[in-house]
**Q** 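I'd like to ask some things about the structure below.
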Amino acid sequence: MFCDMKLGIDIGSVTAKVVVLDDKNDIIESKYVRTKGQPIETVLAILEKLLVKYNPGQFKVAAAT
């Protein structure tokens, strides 16, 4: 499995986007979801699924906009 991964989150008024990068900055997973007026709930649902798949300790950096 990957080490030193990066997590990027962009929450907008209409969509939420999440990207996971490996230690070489290659995209290993990305999500693009319409928020339907519930941006926080949408991002939390995405993160819950990602954190089942990837160990939180693998993330070296996380950023959100």
Side-chain angles (χ1 to χ4, degrees):
M1 192 51 96
F2 301 101
C3 302
D4 296 333
M5 296 188 311
K6 298 172 186 149
L7 175 66
I9 303 166
D10 178 59
I11 306 169
S13 61
V14 177
T15 61
K17 296 165 279 297
V18 175
V19 66
V20 177
L21 304 176
D22 66 12
D23 55 350
K24 297 175 185 169
N25 292 324
D26 292 325
I27 297 172
I28 56 174
E29 186 149 351
S30 66
K31 302 288 180 192
Y32 179 90
V33 181
R34 295 185 65 79
T35 61
K36 299 179 184 174
Q38 298 184 332
I40 301 301
E41 294 85 349
T42 301
V43 170
L44 288 176
I46 294 169
L47 291 177
E48 284 177 359
K49 291 177 184 176
L50 283 177
L51 295 178
V52 167
K53 191 171 183 179
Y54 303 104
N55 180 340
Q58 292 177 281
F59 291 98
K60 180 178 179 182
V61 175
T65 62

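The analysis underlying the following values was restricted to heavy atoms, covering all of them including side chains, and did not include hydrogens, waters or symmetry mates. Along the sequence shown, residues are numbered consecutively beginning with 1.
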**Q** Using atom types as modelled and distance alone, determine if a side-chain donor or acceptor of Thr15 lies under 3.5 Å from a backbone N or O of Arg34.
**A**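 Side chain of Thr15 to backbone of Arg34, a donor-acceptor pair under 3.5 Å: no, none is there.
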
**Q** Do Val43 and Val33 sit in one hydrophobic cluster, given that two such residues count as connected whenever their side-chain heavy atoms are within less than 4.5 Å of each other, even indirectly?
**A** yes

**Q** Looking at Pro39 and Ile11, what are the two nearest heavy atoms and their distance?
**A** CB-CG2, 3.4 Å

**Q** Out of curiosity, Phe59 CZ to Met5 CE, how far, rounded to the nearest 0.5 Å?
**A**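 Between Phe59 CZ and Met5 CE, I get 3.5 Å after rounding to 0.5 Å.
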
**Q** What are the two closest non-hydrogen atoms of Gly57 and Asn55, and how far apart are they?
**A**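 Looking at all heavy atoms of both residues, the closest pair is N-OD1, 2.8 Å.
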
**Q** So, taking the atom named NZ in Lys17 and the one named CD1 in Ile46, what distance separates them when rounded to the nearest 0.5 Å?
**A** 10.0 Å

**Q** The criterion is salt bridge (Lys or Arg N to Asp or Glu O under 4.0 Å); which residues satisfy it with Lys6, sequence neighbours excluded?
**A** none

**Q** Work out which heavy atom in Ala16 is nearest to a heavy atom in Thr42; give both atom names and the distance.
**A** CB-CG2, 4.3 Å

**Q** What's the spacing between Leu21 CG and Asp26 CG if we round to 0.5 Å?
**A** 8.0 Å

**Q** Is Tyr32 linked to Ile28 within one hydrophobic cluster, defined over Ile, Leu, Val, Met, Phe, Trp and Tyr using a side-chain heavy-atom separation of less than 4.5 Å?
**A**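 The answer is no; the residues belong to distinct hydrophobic clusters.
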
**Q** Would you call Leu50 and Leu7 a side-chain contact if the rule is heavy atoms closer than 4.5 Å?
**A**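 With C-beta onward as the side chain, the pair touches.
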
**Q** Within this structure, what is the CG-CD distance for the pair Asp4 and Gln58, rounded to the nearest 0.5 Å?
**A** 9.5 Å

**Q** Are the side chains of Lys53 and Glu29 in contact, using a 4.5 Å heavy-atom criterion?
**A**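 Counting from C-beta outward, Glu29 and Lys53 do come under 4.5 Å.
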
**Q** How close do Leu51 and Pro56 get, heavy atom to heavy atom, and via which atoms?
**A**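 Heavy atoms only, the tightest pair is CD2-CG, 4.0 Å.
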
